[in-house]
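A short write-up of the structure that comes next.
This is a predicted model, so every value here is computed, not measured.
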Amino acid sequence: MKKYNFNAGPSILPREVIEQTAQACLDFDNSGLSLMEISHRAKNFQPIVDEAVALFKELLNIPEGYSVLFLGGGASLEFCMIPYNFLEKKAAYLNTGVWATKAEKEAKLFGEVVEIASSKDRNFTYIPRDFVIPTDADYLHITTNNTIYGTELREDLDSPIPLIADMSSDILSRPVDVSKYTMIYGGAQKNLAMAGLTFVIVKEDALGKVSRPIPTMLDYRTHVKKGSMFNTPPVVPIYSALMNLRYIKAHGGVEAMAKLAQQRADIIYNEIDRNKLFVGTAEKDSRSLMNITFVLNEEYKDLQEEFLAFATSKGMVGVKGHRDVGGFRASCYNAMSIEGCEALVKCMQEFEAMH
């Protein structure tokens with residue numbers, strides 16, 4: 001039975017990326033050594049990092065003056081590195097979910113934090129639109145896609161202050177005007193690579209402005225200067241990221257990924273809106289194209305476990321919703337096929353017919 005991976009993260013990767021990475025773990029570059037055991041200082045590994053950086057810049061059309069970094073620690077470490085490097089007096093945060101809340105919490109350890117808007121009042125089912133960005137803040141932090149709640153901010157804000165965005169789960173799914181951001185970052189395990197890697201796109205001349213001393217490993221300037229090689233980087237995840245970047249370029253770049261994202265989302269959302277059993281949880285003008293969240297209608301809510309078992313029997317993997325929302329979640333990252341989305345819809349239709 002064919003399986004379709006709707007996991008929210010670590011999540012689906014193109015099959016060819018998995019196979020290429022697996023092969024390199026057996027024999028990297030015909031060296032007779034595994035990618036898992038080579039030195040990160042090896043002459044044949046530096047080109048991997050260089051090409052990954054170059055492709056990242058090419059695919060997102062990153063302007064001059066920005067560095068692309070590959071770090072460890074996950075997006076959660078960035079939650080403290082950001083205020084360490086950018087917060088002098090006050091920071092502004094847009095609160096759209098669990099991860100935005102956690103980022104805001106870390107920033108409060110370093111200075112004053114202003115929450116300019118929040119969708120917590122309706123369990124983060126929408127993206128706030130009417131808010132004022134304080135011009136006296138050092139930066140504005142946003143989370144563009146909220147994997148748990150299925151909401152997404154798909155436009156680039158015009159911010160009068162430096163804009164920093166967590167794009168863990170929608171990076172490379174659409175074109176982005178990087179020039180509007182001081183920094184973009186995220187964990188790679190949703191739409192870029194296997195787990196264990198964090199990507200950072202940072203404007204170099206924005207660094208070094210705070211008065212506090214910064215520990216060496218937490219100072220972005222350290223990693224800019226050393227090209228992500230200050231200490232041993234996550235070698236295998238960087239390689240898998242390169243393979244995925246090559247895949248995205250070969251399949252039309254982020255413009256093509258954006259079209260596919262819309263097609264996948266339309267297939268599933270149309271069925272959610274048609275099917276008598278299900279209802280979407282996110283408000284329609286805030287719906288994510290990456291993480292599609294839905295629940296059973298009130299009169300059918302006792303069928304949740306039965307649907308999960310039925311979906312599993314049909315090859316649907318990872319469709320159980322997060323505990324904060326319940327119900328179901330279909331994560332449709334770049335590697336998810338149209339076929340997979342159609343298979344989920346067929347599964348929903350068959351279950352409807354049964355009930």
Is there a chain of hydrophobic side chains (I, L, V, M, F, W, Y, each step under 4.5 Å between heavy atoms) that links [X] to [Y]?
X: Leu197; Y: Val236; answer: yes
X: Ile248; Y: Ile201; answer: yes
X: Val53; Y: Val178; answer: yes
X: Phe278; Y: Leu289; answer: yes
X: Phe199; Y: Tyr66; answer: yes

Stepwise side chain to side chain contact (heavy atoms under 4.5 Å, CB included) test for Met257 and Leu172: CA-CA 7 Å; Met257 297 300 108; Leu172 298 165; 5.9 Å; no
Donor-acceptor pair, [X] side chain versus [Y] backbone, under 3.5 Å?
X: Asp138; Y: Glu88; value: yes
X: Asn5; Y: Gly318; value: no
X: Asp166; Y: Ala75; value: no
X: Arg212; Y: Tyr84; value: yes
X: Asn85; Y: Met81; value: yes
X: Asp156; Y: Asp177; value: yes
X: Ser286; Y: Ile127; value: yes
X: Arg329; Y: Thr147; value: yes

Measuring from atom [atom1] of [X] to atom [atom2] of [Y], what distance do you get when rounded to the nearest 0.5 angstrom?
X: Gln189; Y: Leu13; atom1: CD; atom2: CG; answer: 10.5 Å
X: Arg122; Y: Glu283; atom1: CZ; atom2: CD; answer: 4.5 Å
X: Ile272; Y: Arg287; atom1: CD1; atom2: CZ; answer: 6.0 Å
X: Ile267; Y: Ile338; atom1: CD1; atom2: CD1; answer: 4.0 Å
X: Ile268; Y: Met348; atom1: CD1; atom2: CE; answer: 7.5 Å
X: Glu204; Y: Ser67; atom1: CD; atom2: OG; answer: 3.5 Å

If you define the side chain from C-beta out and look only at heavy atoms, does anything of [X] sit under 4.5 Å from [Y]?
X: Ser288; Y: Tyr149; result: no
X: Val202; Y: Tyr185; result: no
X: Asn7; Y: Val317; result: yes
X: Val295; Y: Val279; result: yes
X: Asn291; Y: Ser169; result: yes
X: Asp121; Y: Tyr126; result: yes
X: Phe310; Y: Met354; result: yes
X: Leu242; Y: Phe70; result: no

task: With sequence neighbours excluded, give me every side chain to side chain donor-acceptor pair (under 3.5 Å) pair touching residues 222-251.
output: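 Found Glu51-Arg246, Glu58-Lys249.
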- request: Check the pair Gln23 / Asp27 against side-chain hydrogen bond (donor to acceptor under 3.5 Å, both in side chains), numbers first and verdict last.
  value: CA-CA 6 Å; Gln23 180 57 44; Asp27 183 358; 5.4 Å; no
field: Aromatic ring proximity His141/Tyr93, centre distance under 6.0 Å
entry: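 Judged by ring-centre distance (under 6.0 Å), His141 and Tyr93 do meet the cut-off.
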query: For the rings on Tyr300 and Phe307, is their centre-to-centre separation under 6.0 Å?
result: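 Ring centres of Phe307 and Tyr300 not closer than 6.0 Å.
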query: With sequence neighbours left out, what residues match Arg221 under salt bridge (charged side-chain N to carboxylate O under 4.0 Å, His left out)?
result: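 Scan of Arg221 (salt bridge (charged side-chain N to carboxylate O under 4.0 Å, His left out), adjacent residues dropped) gives Asp219.
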message: Run the salt bridge (charged side-chain N to carboxylate O under 4.0 Å, His left out) test against Glu342 and tell me which residues pass, sequence neighbours left out.
response: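 Checked Glu342 against salt bridge (charged side-chain N to carboxylate O under 4.0 Å, His left out); zero matches.
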- prompt: How far apart are the C-alpha atoms of Thr198 and Leu77, what are their side-chain angles, what is the distance that settles it, and do they pass the side chain to side chain contact (heavy atoms under 4.5 Å, CB included) test?
  reply: CA-CA 9 Å; Thr198 308; Leu77 182 58; over 6 Å; no
task: Decide side chain to side chain contact (heavy atoms under 4.5 Å, CB included) for Ile292 and Cys332; before the verdict, give the C-alpha distance in whole Å, the side-chain angles of both, and the deciding distance to 0.1 Å.
output: CA-CA 8 Å; Ile292 298 170; Cys332 297; 4.1 Å; yes
message: For Glu155, run the salt bridge (charged side-chain N to carboxylate O under 4.0 Å, His left out) check against Lys180, Arg174, Arg129 and tell me which one passes.
response: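 It is Arg129, the one option of Lys180, Arg174, Arg129 that forms the salt bridge (charged side-chain N to carboxylate O under 4.0 Å, His left out) with Glu155.
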- prompt: Is any side-chain N of the basic residue among Arg274 and Glu352 closer than 4.0 Å to the acidic one's carboxylate O?
  reply: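 Judged by the 4.0 Å cut-off on N to carboxylate O distance, Arg274 and Glu352 do form a salt bridge.
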query: Are any of the side-chain nitrogens in Lys108 or Glu104 under 4.0 Å away from the carboxylate oxygens of its partner?
result: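 Yes, Lys108 and Glu104 are salt-bridged.
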Measure across [X] and [Y] and return the closest heavy-atom pair with its distance rounded to 0.1 Å.
X: Phe131; Y: Ala117; value: CB-CB, 3.8 Å
X: Tyr139; Y: Ala107; value: OH-CB, 4.1 Å
X: Tyr181; Y: Ala165; value: CE2-CB, 3.6 Å
X: Ile164; Y: Phe86; value: CD1-CD1, 3.8 Å
X: Ile171; Y: Asn191; value: O-ND2, 3.0 Å
X: Pro233; Y: His40; value: CD-CD2, 3.4 Å

- request: Using the side-chain hydrogen bond (donor to acceptor under 3.5 Å, both in side chains) rule, take Thr143 and Thr96 through it: C-alpha gap first, then chi angles, then the decisive distance, then the call.
  value: CA-CA 7 Å; Thr143 304; Thr96 51; 4.7 Å; no
- request: Report the C-alpha separation of Asp29 and Ser31 in whole Å, then their side-chain angles, then the decisive distance to 0.1 Å, and conclude whether the side-chain hydrogen bond (donor to acceptor under 3.5 Å, both in side chains) test is met.
  value: CA-CA 5 Å; Asp29 196 30; Ser31 65; over 6 Å; no
message: With side-chain hydrogen bond (donor to acceptor under 3.5 Å, both in side chains) as the criterion, how do Glu78 and Tyr220 come out once you've worked through the C-alpha distance, each side chain's angles and the decisive distance to 0.1 Å?
response: CA-CA 10 Å; Glu78 304 304 312; Tyr220 288 119; 2.4 Å; yes
message: For Arg41, is the CZ atom crowded, meaning more than 12 foreign heavy atoms sit under 6.0 Å from it?
response: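 Result for CZ/Arg41: enclosed.
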Pair Thr125, Asn123: side-chain N/O donor-acceptor within cut-off below 3.5 Å: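 No - no donor-acceptor pair under 3.5 Å links their side chains.
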